[in-house]
Amino acid sequence: MAKQFWLMKSEPDVYSYADLEREGRTHWEGVRNYQARNLMREMKAGDQVLYYHSRSTPPGVVGIAEVVKEAYPDFTAQDPDSHYYDPKSSAENPRWSMVDLAPVRRLESLVSLAALKGNPELEGMAVVKKGQRLSVQPVRPEEFAIVLEMAASGSPRAPE
DNA sequence: GCCAACGTTGGC
DNA sequence: GCCAACGTTGGC
(Lines give C-alpha, C1' and ligand atoms only; values in the text may rest on other atoms or scores of the structure.)
Protein backbone atom coordinates (compact mmCIF):
# COMPACT_ATOMS: atom_id res chain seq x y z
CA MET A 1 0.00 0.00 0.00
CA ALA A 2 1.15 3.54 -0.71
CA LYS A 3 2.44 5.57 2.17
CA GLN A 4 -0.31 7.38 4.04
CA PHE A 5 -0.24 10.75 5.76
CA TRP A 6 -1.75 11.91 9.03
CA LEU A 7 -1.91 14.78 11.45
CA MET A 8 -1.64 14.10 15.18
CA LYS A 9 -2.20 16.64 17.92
CA SER A 10 -0.36 16.85 21.18
CA GLU A 11 -0.29 19.48 23.86
CA PRO A 12 3.36 20.46 24.18
CA ASP A 13 2.95 20.76 27.94
CA VAL A 14 2.03 17.08 27.95
CA TYR A 15 4.27 15.70 25.21
CA SER A 16 6.04 18.02 22.80
CA TYR A 17 7.95 17.33 19.62
CA ALA A 18 11.13 18.06 21.59
CA ASP A 19 10.13 15.28 24.00
CA LEU A 20 9.77 12.92 21.04
CA GLU A 21 13.20 13.94 19.72
CA ARG A 22 14.77 13.42 23.13
CA GLU A 23 13.24 9.99 23.63
CA GLY A 24 13.66 8.90 20.01
CA ARG A 25 10.44 6.96 20.05
CA THR A 26 7.15 6.91 21.92
CA HIS A 27 3.92 5.01 22.21
CA TRP A 28 0.94 7.23 21.52
CA GLU A 29 -1.12 6.39 24.57
CA GLY A 30 -4.25 8.10 25.78
CA VAL A 31 -6.41 8.34 22.67
CA ARG A 32 -9.94 7.85 24.04
CA ASN A 33 -12.00 8.77 21.02
CA TYR A 34 -13.32 6.03 18.77
CA GLN A 35 -12.88 7.89 15.51
CA ALA A 36 -9.28 8.72 16.34
CA ARG A 37 -8.67 5.16 17.48
CA ASN A 38 -10.08 3.76 14.25
CA LEU A 39 -7.80 6.00 12.22
CA MET A 40 -4.78 4.81 14.20
CA ARG A 41 -5.77 1.25 13.42
CA GLU A 42 -5.45 2.10 9.71
CA MET A 43 -1.88 3.32 10.09
CA LYS A 44 0.98 1.40 8.53
CA ALA A 45 4.65 1.42 9.46
CA GLY A 46 6.35 4.14 7.44
CA ASP A 47 3.33 6.44 7.31
CA GLN A 48 4.26 10.09 7.81
CA VAL A 49 2.69 12.29 10.48
CA LEU A 50 2.39 16.06 10.79
CA TYR A 51 3.12 16.67 14.48
CA TYR A 52 0.77 19.41 15.69
CA HIS A 53 1.04 21.34 18.94
CA SER A 54 -2.40 22.18 20.30
CA ARG A 55 -3.22 24.53 23.18
CA SER A 56 0.00 26.21 22.29
CA THR A 57 1.00 29.76 21.31
CA PRO A 58 0.52 29.64 18.46
CA PRO A 59 -0.93 26.22 17.72
CA GLY A 60 0.52 24.61 14.59
CA VAL A 61 2.58 21.93 12.90
CA VAL A 62 6.12 21.75 14.27
CA GLY A 63 7.63 18.57 12.88
CA ILE A 64 7.29 15.29 11.07
CA ALA A 65 7.02 11.91 12.75
CA GLU A 66 6.84 8.42 11.37
CA VAL A 67 4.75 5.41 12.37
CA VAL A 68 7.21 2.76 13.54
CA LYS A 69 4.77 0.28 15.07
CA GLU A 70 1.23 -0.38 13.95
CA ALA A 71 -1.78 -0.38 16.26
CA TYR A 72 -1.71 -2.55 19.36
CA PRO A 73 -3.59 -2.39 22.69
CA ASP A 74 -3.10 0.78 24.73
CA PHE A 75 -1.97 -0.77 28.00
CA THR A 76 -2.45 2.46 29.94
CA ALA A 77 -6.21 1.85 29.69
CA GLN A 78 -5.77 -1.17 31.97
CA ASP A 79 -3.54 0.52 34.51
CA PRO A 80 -5.59 1.88 37.45
CA ASP A 81 -2.76 4.25 38.28
CA SER A 82 -2.72 5.77 34.81
CA HIS A 83 -4.32 9.07 34.01
CA TYR A 84 -5.74 7.26 30.98
CA TYR A 85 -7.23 4.33 32.91
CA ASP A 86 -10.51 3.06 31.49
CA PRO A 87 -12.26 0.47 33.70
CA LYS A 88 -14.18 -0.77 30.67
CA SER A 89 -10.97 -1.87 29.00
CA SER A 90 -9.53 -5.31 29.77
CA ALA A 91 -6.85 -7.66 28.52
CA GLU A 92 -9.54 -9.73 26.79
CA ASN A 93 -11.18 -6.65 25.30
CA PRO A 94 -8.60 -3.86 25.16
CA ARG A 95 -10.97 -1.28 23.64
CA TRP A 96 -8.22 1.29 22.97
CA SER A 97 -5.24 1.18 20.64
CA MET A 98 -2.00 3.03 20.17
CA VAL A 99 0.83 3.20 17.67
CA ASP A 100 4.52 3.95 18.12
CA LEU A 101 6.03 7.09 16.60
CA ALA A 102 9.58 8.23 15.96
CA PRO A 103 10.73 11.73 14.98
CA VAL A 104 11.75 12.33 11.35
CA ARG A 105 12.68 16.00 11.41
CA ARG A 106 11.67 19.30 12.87
CA LEU A 107 10.22 21.75 10.36
CA GLU A 108 12.30 24.76 9.28
CA SER A 109 9.54 26.96 10.66
CA LEU A 110 6.30 26.42 12.51
CA VAL A 111 3.24 26.29 10.25
CA SER A 112 0.63 27.90 12.46
CA LEU A 113 -3.05 27.11 12.48
CA ALA A 114 -3.61 30.65 11.22
CA ALA A 115 -1.30 29.95 8.26
CA LEU A 116 -3.11 26.68 7.51
CA LYS A 117 -6.43 28.49 7.60
CA GLY A 118 -5.05 31.18 5.33
CA ASN A 119 -4.13 28.75 2.56
CA PRO A 120 -7.13 28.03 0.32
CA GLU A 121 -5.50 24.81 -0.89
CA LEU A 122 -5.81 23.43 2.64
CA GLU A 123 -9.46 24.24 3.25
CA GLY A 124 -10.29 20.52 3.12
CA MET A 125 -8.06 19.69 6.08
CA ALA A 126 -9.99 18.73 9.21
CA VAL A 127 -7.70 20.79 11.40
CA VAL A 128 -8.88 24.06 9.86
CA LYS A 129 -12.56 23.25 10.17
CA LYS A 130 -14.57 24.85 12.93
CA GLY A 131 -15.57 22.55 15.73
CA GLN A 132 -13.22 19.83 14.55
CA ARG A 133 -11.49 18.33 17.54
CA LEU A 134 -10.16 15.01 16.32
CA SER A 135 -6.66 14.44 17.65
CA VAL A 136 -5.81 12.06 14.79
CA GLN A 137 -6.71 13.07 11.26
CA PRO A 138 -6.02 11.76 7.77
CA VAL A 139 -4.10 14.15 5.49
CA ARG A 140 -4.00 13.95 1.70
CA PRO A 141 -0.54 13.57 0.12
CA GLU A 142 -0.82 16.93 -1.63
CA GLU A 143 -1.81 18.62 1.63
CA PHE A 144 1.18 17.10 3.37
CA ALA A 145 3.48 18.41 0.60
CA ILE A 146 1.97 21.90 0.82
CA VAL A 147 2.51 22.08 4.57
CA LEU A 148 6.17 21.12 4.09
CA GLU A 149 6.54 23.83 1.44
CA MET A 150 5.00 26.38 3.78
CA ALA A 151 7.46 25.36 6.49
CA ALA A 152 10.41 25.68 4.11
CA SER A 153 9.37 29.13 2.92
CA GLY A 154 8.36 30.46 6.34
CA SER A 155 10.49 32.48 8.69
CA PRO A 156 13.02 30.45 10.65
CA ARG A 157 11.70 29.32 13.96
CA ALA A 158 13.02 31.01 17.03
CA PRO A 159 15.39 28.95 19.14
CA GLU A 160 13.70 27.29 22.07
C1' DG B 1 -9.16 30.71 32.28
C1' DC B 2 -13.30 30.89 29.44
C1' DC B 3 -16.45 28.55 26.89
C1' DA B 4 -18.32 26.62 22.34
C1' DA B 5 -18.48 22.52 20.15
C1' DC B 6 -18.37 18.02 20.53
C1' DG B 7 -18.53 13.06 22.43
C1' DT B 8 -20.04 9.82 25.99
C1' DT B 9 -22.90 8.07 29.63
C1' DG B 10 -26.78 6.34 31.70
C1' DG B 11 -31.63 6.94 33.47
C1' DC B 12 -35.88 6.28 31.76
C1' DG C 1 -33.48 4.76 21.61
C1' DC C 2 -33.99 9.48 23.46
C1' DC C 3 -31.76 13.10 25.47
C1' DA C 4 -30.09 15.69 29.68
C1' DA C 5 -26.11 15.86 32.18
C1' DC C 6 -21.56 15.61 32.22
C1' DG C 7 -16.72 15.49 30.53
C1' DT C 8 -13.22 16.84 27.10
C1' DT C 9 -10.94 19.42 23.47
C1' DG C 10 -8.64 23.17 22.03
C1' DG C 11 -8.77 28.08 20.11
C1' DC C 12 -8.68 32.33 21.92
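All figures in this text were calculated on a predicted structure; none of them were measured in a lab. Below, chains carry the letters A, B, ... as their sequence lines are ordered, and counting in each starts from 1.
Within residues 29-41 of chain A, no residue has any heavy atom closer than 4.0 Å to DNA chain C. Near DNA chain C, meaning a heavy atom under 4.0 Å from it, residues 127-134 of chain A has Arg133(A), Leu134(A) in order of number.
Here the P atom of nucleotide dT9(B) and the CZ atom of Arg95(A) are 6 Å apart, to the nearest Å. The distance from atom OH of Tyr52(A) to atom P of dT9(C) is 15 Å, rounded to the nearest whole Å. For the pair Asp13(A) CG and dG11(C) P, the interatomic distance rounds to 13 Å; values are reported in whole Å.
Taking the side-chain contact (heavy atoms from CB on, under 4.5 Å) definition, one finds that Glu11(A) meets it with Val14(A), Ser54(A), Arg55(A), sequence neighbours left out. Remark: Tyr84(A) pairs with no residue by the ring-ring contact (aromatic ring centres under 6.0 Å, His included) rule, at least two apart or across chains. Every residue two or more places apart in sequence or in another chain that forms a side-chain contact (heavy atoms from CB on, under 4.5 Å) with Glu142(A) is listed here: Arg140(A). Looking at residues two or more places apart in sequence or on another chain, you find no side chain to side chain donor-acceptor pair (under 3.5 Å) involving Gln137(A).
Listed by first and then second residue, the side chain to side chain donor-acceptor pair (under 3.5 Å) pairs that reach into residues 111-133 of chain A come to none, sequence neighbours excluded. Among pairs with a residue in residues 111-133 of chain A, none fulfils ring-ring contact (aromatic ring centres under 6.0 Å, His included), at least two apart in sequence or across chains. For residues 87-146 of chain A, the pairs satisfying ring-ring contact (aromatic ring centres under 6.0 Å, His included) are Phe5(A)-Phe144(A), Tyr34(A)-Trp96(A), with sequence neighbours left out.
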Under 3.5 Å, which N/O atoms of the protein pair with N/O atoms of nucleotides 1-6 of chain C?
none

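Applying the 4.5 Å side-chain rule to ILVMFWY residues, one finds that Tyr85(A) remains a lone member of its cluster.
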Return a table of donor-acceptor pairs under 3.5 angstrom between the side chains of residues 64-73 of chain A and protein atoms on other chains or two or more places apart.
residue, atom, partner, partner atom, Å
Glu70(A), OE2, Ala45(A), N, 2.8
Tyr72(A), OH, Asp100(A), OD1, 2.5

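A close approach under 4.0 Å does not occur between any side-chain nitrogen or oxygen of Tyr84(A) and OP1 or OP2 of dT8(C).
The pair Glu108(A)-Arg105(A) counts as a salt bridge, with a side-chain nitrogen and a carboxylate oxygen less than 4.0 angstrom apart.
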